[in-house]
Amino acid sequence: MSKPLNSAIVAGSVCVAIVAASALGITAFGLANSGHSGPSRPGPDEDQTTVTVRVWDETVAAGYEKSFATFERDNPDIDIEVDVVPYGEYFTTLADDVESGEADDIFWLNSSNYTTYADAGALLDIDRALARSSRAAWSPAVVDQFTTADGHLWGVPQLSDGGIALYYNADLLKQAGIDPAALDDLTWAPGGGEGDTLLPVLKKLTRDAAGRTADDPAYDGTPVQYGYNAGNDLQAVWYDYLASAGGAFENDDMTAFAFDTEEARVAFQYVVDLVQQARVAPPAALTNDDADFSREQFAAGKMALFQSGLYSLSPVAAGADFEWGVAPMPAGPEGRVSVTNGIVAAGNSASPHRDDTAKVLAWLGSTDGAKHIGADGAAVPAVLGAQEGYYDHWTAQGVDVRPFFDVIDDGPTIAAPSDIYGRTQSIIEPIFDEMFAGRISVEDALARAQSEANAALENPPAGDEPGDGDDGALN
């Protein structure tokens with residue numbers, strides 16, 4: 001399998017770039033690279049500094065442990081401890097720890113949270129810590145995502161989600177007489193009107209208990225084989241429909257929501273109708289409270305098409321015992337417009353040992369430091385020179401991951417939600433749940449959600465801190 005365009009990086013040149021840039025940055029930040037080498041140590045002693053790194057992913061943490069073993073061998077004066085905090089409590093505890101001065105030296109951040117910490121002065125300026133030239137070694141999409149309007153970058157890129165694509169069950173397609181190649185040209189149109197090729201395919205792929213497809217007048221509307229995973233899934237589904245309809249979620253300066261528009265109504269109505277009218281997707285009662293339901297149905301062979309990102313690749317590969325593949329996501333009135341998302345390792349500006357923290361950040365931003373992240377196919381490193389191992393892993397498995405990257409390489413993207421969604425998700429999400437359940441019209445849901453969320457932004461509750469409430473992260 002040929003590799004995605006953005007994996008065609010000369011690893012050696014990237015490694016040289018990041019090491020050189022990091023060395024310059026460390027000097028500029030008031031540091032001196034000791035150049036020491038020596039045997040690894042079992043734990044910190046009185047001559048060592050301990051640098052702590054907080055993440056929420058066990059798989060990536062395992063890769064970090066391998067990476068840090070090499071770093072500690074070459075830097076025996078620094079011991080690195082990885083702290084894994086479950087995602088459900090990650091941002092609440094992080095906010096508390098930053099406020100109390102007990103946060104880790106380095107911690108992961110996503111697009112829904114980083115600006116709040118940056119504005120509060122809680123993060124190291126990466127351009128100052130490692131030199132601006134370090135950016136050349138990292139995914140431009142992730143660099144842009146975590147660069148504020150004033151041009152400052154507030155974290156070292158670690159993970160890149162690529163874009164959204166369409167997993168397909170080849171066996172179910174064959175049963176329905178659909179060539180997988182036909183998926184490359186799927187298009188949705190407002191109201192399922194002229195030019196819509198997606199809905200007819202989904203109907204052929206949806207079956208009730210009697211084996212009748214959803215395009216059969218006798219179809220009973222209760223599928224046992226789902227055609228698709230339409231539902232209240234921000235990253236994988238409705239956010240991309242919104243973008244491909246020409247709509248936006250936030251205003252240009254990311255200070256307020258802007259989704260109560262005709263474009264948004266068209267997009268949401270189409271997706272809701274797939275659930276409520278065409279009945280080609282699971283009912284909201286099964287998906288609103290179980291984010292993994294559709295993925296599990298696909299892996300079990302009970303869903304023909306599953307729209308998602310690279311974060312679903314390992315679970316699908318591990319769970320599916322049928323032939324499957326990946327195709328481009330459906331196009332809308334404005335073509336294919338996917339969200340792309342990333343994660344950064346941010347430096348704590350209150351760290352009592354900022355010199356050593358900057359050294360570890362430089363290592364995390366290097367090819368050698370990041371290569372273990374993608375070696376087993378769990379995640380795409382945002383360090384370009386380290387991506388080769390990820391692609392090689394999936395090539396060996398016979399999986400073509402190009403659709404996840406072609407969609408963001410070949411066309412426009414929509415930026416991941418900013419921190420205003422992280423602060424208002426607890427308002428918006430329940431209203432959207434009601435909309436997908438058919439208890440609120442699309443028009444009323446969008447108007448109410450935008451009005452209430454913007455009002456909350458204008459009048460935040462007393463004591464509101466970074467990370468309070470639900471997080472709007474995509475990962």
Tyr167 vs Phe404, test: ring pair (Phe, Tyr, Trp, His ring centres under 6.0 Å). Steps then yes/no. CA-CA 10 Å; Tyr167 295 82; Phe404 296 104; 5.6 Å; yes
Checking Tyr270 against Trp188 for the ring pair (Phe, Tyr, Trp, His ring centres under 6.0 Å) test, could you report, in this order, the C-alpha distance in whole Å, the side-chain angles of both residues, the deciding distance, and whether it holds? CA-CA 8 Å; Tyr270 187 91; Trp188 70 270; 5.0 Å; yes
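Ring centroids of Phe268 and Phe259 are separated by 6.0 Å or more, keeping the two rings apart. For Phe432 and Trp238, the gap between ring centers is short of 6.0 Å. Aromatic pair Phe405/Tyr391: ring centres closer than 6.0 Å.
For Asn251 and Thr255, the side-chain atoms include at least one donor-acceptor pair closer than 3.5 Å. Checked by atom type, the side-chain pair Thr213/Asp215 shows a donor-acceptor distance below 3.5 Å.
Checked by atom type and distance alone, the side chain of Ser67 never pairs as donor or acceptor with a backbone atom of Gly63 at under 3.5 Å. A donor-acceptor pair is defined here as one N or O able to donate and one able to accept, closer than 3.5 Å; no such pair exists between the side chain of Tyr64 and the backbone of Thr59. Within the 3.5 Å criterion, the main-chain N or O of Asp196 finds no donor-acceptor partner in the side chain of Thr187. Not a single donor-acceptor pair under 3.5 Å links the side chain of Arg54 to the backbone N or O of Ala103. One N or O on the side chain of Asp233 and one on the backbone of Ala236 form a donor-acceptor pair closer than 3.5 Å.
Expressed to the nearest 0.5 Å, how far OH of Tyr117 lies from CZ of Phe91 amounts to 7.0 Å.
Within 6.0 Å of CD on Glu323 lie no more than 12 heavy atoms contributed by other residues, nucleotides or ligands.
Looking at Asp208 and Arg212, a side-chain N of the basic residue comes within less than 4.0 Å of a carboxylate O on the acidic one, giving a salt bridge. One finds no salt bridge joining Glu443 and Arg265 here, because no Lys/Arg side-chain nitrogen approaches an Asp/Glu carboxylate oxygen to under 4.0 Å.
Sequence neighbours left out, not one pair with a member in residues 437-457 passes ring-ring contact (aromatic ring centres under 6.0 Å, His included).
Using bins of under 30°, 30° to 60° and over 60° for the plane-to-plane angle, the ring pair Phe322/Phe298 lands in the perpendicular bin.
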